[in-house]
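Below, chain A is the first sequence line, B the second, and so on; all start at residue 1.
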Protein chains: 2
Amino acid sequence: MLSQTEENYLKALLKITLDNEHGEAGTNELAASLSLKPATVNDMLKKLKEKQFIAYEKYGKITLTALGKKYGWGIVRKHRLWETFLFEKLDFSWDEVHEVAEQLEHIQSVKLIDKLDQFLGYPSFDPHGDPIPTHKGVVKIQYKKLLVDAQENETYKVLAVKDNSSAFLQYVAKVGIQLNCHIKVKSIQTFDGMMHIEVDGKKSTVSQKFAQNIFIE
Amino acid sequence: MLSQTEENYLKALLKITLDNEHGEAGTNELAASLSLKPATVNDMLKKLKEKQFIAYEKYGKITLTALGKKYGWGIVRKHRLWETFLFEKLDFSWDEVHEVAEQLEHIQSVKLIDKLDQFLGYPSFDPHGDPIPTHKGVVKIQYKKLLVDAQENETYKVLAVKDNSSAFLQYVAKVGIQLNCHIKVKSIQTFDGMMHIEVDGKKSTVSQKFAQNIFIE
DNA sequence: TAATAAAGTTAGGTTAATCTAACAAAAAAT
DNA sequence: ATTTTTTGTTAGATTAACCTAACTTTATTA
């Protein structure tokens with residue numbers, strides 16, 4: 001069985017390798033993502049390699065093995081199911097679910113997760129619009145289009161958010177954006193990418209950084 | 001904030017001090033209850049005293065302070081609410097809830113527990129018939145009568161069970177005993193306390209040890 | 001009450017997960 | 001093609017939570 005710490009490493013590695021082109025991660029990158037020092041991470045990498053969760057040579061890049069991906073996706077599944085539970089059943093807000101799910105994702109009980117899945121009606125997406133893997137394994141629905149790629153005078157539907165930090169999600173909520181809502185792009189400032197948008201009749205101006213974190217179609 | 005380990009010590013101490021006459025516990029007793037060595041426990045006792053959760057002098061008995069009791073009951077509350085959730089909402093059986101609740105009780109989020117309490121309809125008892133403390137604090141409903149104290153040819157209602165081990169609970173279920181069901185005591189063997197009982201028309205013979213673990217009225 | 005047993009303590013050691021400081025290798029820039 | 005910067009590694013230390021072995025205090029019993 002994996003320790004909570006090991007689980008967190010696998011989850012972080014999964015995230016990084018999915019974001020990066022070649023499915024690779026580096027020691028410093030991983031350390032930053034876990035708020036740890038590279039030296040600490042280096043020790044753990046040896047352990048994870050030993051346990052066959054990662055493939056990795058000295059001074060080389062890190063990749064997850066099939067086993068590592070399996071465990072990583074398992075944690076993501078638990079995280080997203082718990083987020084859905086908190087949001088749907090316990091009336092947690094969008095930005096509150098993540099922190100508690102970070103703890104709940106480490107509970108060890110296959111039965112618990114499968115029963116929770118059933119109780120929630122086998123949801124396909126979590127409150128942030130991210131897909132929930134089934135108990136069989138990976139589900140990979142790739143959103144490609146971001147608000148930053150939008151064009152003037154077009155209307156788009158919000159599918160998911162990229163950043164799950166509570167600072168960002170509170171901002172998102174303030175602008176009136178929810179999952180599946182429609183955003184009309186009024187105008188885009190070519191100089192700095194600032195965007196004038198309208199959501200349910202409410203007008204706002206958002207930064208390029210903001211627009212890089214909203215998935216649309 | 002308390003570590004999971006510290007929480008387990010406080011929970012065990014609460015249990016022991018409630019069971020013992022004078023509200024006291026001993027190092028070896030506590031060690032046995034946690035499946036640890038006395039030397040290990042001794043170290044932790046110093047830490048818990050330092051943090052003002054227990055009162056305790058070298059070679060003396062251990063008692064919980066008001067602060068220690070408060071935390072201890074908080075963990076019991078969480079444990080029993082999660083057990084109720086697993087039993088009521090996720091269809092876990094009587095004997096399966098304990099193990100998973102042992103993990104869930106350590107999740108840190110006041111909001112989570114209060115929302116869970118609300119979601120469950122502010123239950124007063126967990127699936128074993130044990131009272132659930134409110135968010136204000138301690139609830140102490142003392143059952144005094146055990147099946148072992150029953151008399152021949154009388155019928156009793158089951159209020160709770162004392163032992164929560166899955167071996168015992170599976171046995172209880174096999175005999176047909178549920179919370180609030182009625183047990184008719186047909187006869188009692190004076191030599192060894194063996195008891196012939198009937199539950200919903202189903203006849204069984206149970207040992208004195210068994211009868212010492214069923215609360216009745 | 002003295003001997004024995006039980007309960008509790010201390011000292012020293014282990015492992016997992018972290019750190020800092022110093023070093024080595026690889027990549028980027030001049 | 002050197003130098004510099006970035007990235008990654010190693011060595012040695014720390015802390016929490018555990019252990020064993022040896023010891024001390026308190027309680028029990030003969």
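- A side-chain hydrogen bond (donor to acceptor under 3.5 Å, both in side chains) check over residues 115-138 of chain B, counting only residues at least two apart or in different chains, returns the pairs B/Arg77-B/Asp117, B/Glu83-B/His128.
- If you take CD of B/Gln4 and P of D/dA17, they are 10 Å apart, rounded to a whole angstrom.
- We find that CG of A/Leu36 is positioned 11 Å from P of C/dT20, with the value rounded to whole Å.
- For B/Asp95, the side chain to side chain contact (heavy atoms under 4.5 Å, CB included) test picks out B/Ser93, B/Ser166, B/Leu169, B/Gln170, with sequence neighbours left out.
- Atom CD1 of B/Ile54 and atom P of C/dG8 are 12 Å apart (whole Å).
- Formation of a donor-acceptor pair under 3.5 Å by the A/Lys78 side chain with backbone atoms of A/Glu105 is found in this model.
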Protein heavy-atom contacts under 4.0 Å, written 5' to 3' over nucleotides 4-16 of chain D as B (base), S (sugar-phosphate only) or - (none), form the string ---BBBB-----S

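- Judged as a side chain to side chain contact (heavy atoms under 4.5 Å, CB included), and not counting sequence neighbours, the contacts of B/Ser3 are B/Thr5, B/Glu6.
- Between B/Leu48 atom CG and C/dG8 atom P there is a gap of 16 Å when expressed in whole angstrom units.
- Here side-chain hydrogen bond (donor to acceptor under 3.5 Å, both in side chains) pairs that include residues 30-46 of chain A, with residues two or more places apart or in two chains, are A/Asn42-A/Tyr56.
- The nearest whole Å value for the distance from the NZ atom in A/Lys37 to the P atom in C/dA22 is 15 Å.
- For the ring pair (Phe, Tyr, Trp, His ring centres under 6.0 Å) condition, the pairs that include at least one residue of residues 34-53 of chain A, sequence neighbours left out, are A/Phe53-A/Tyr71.
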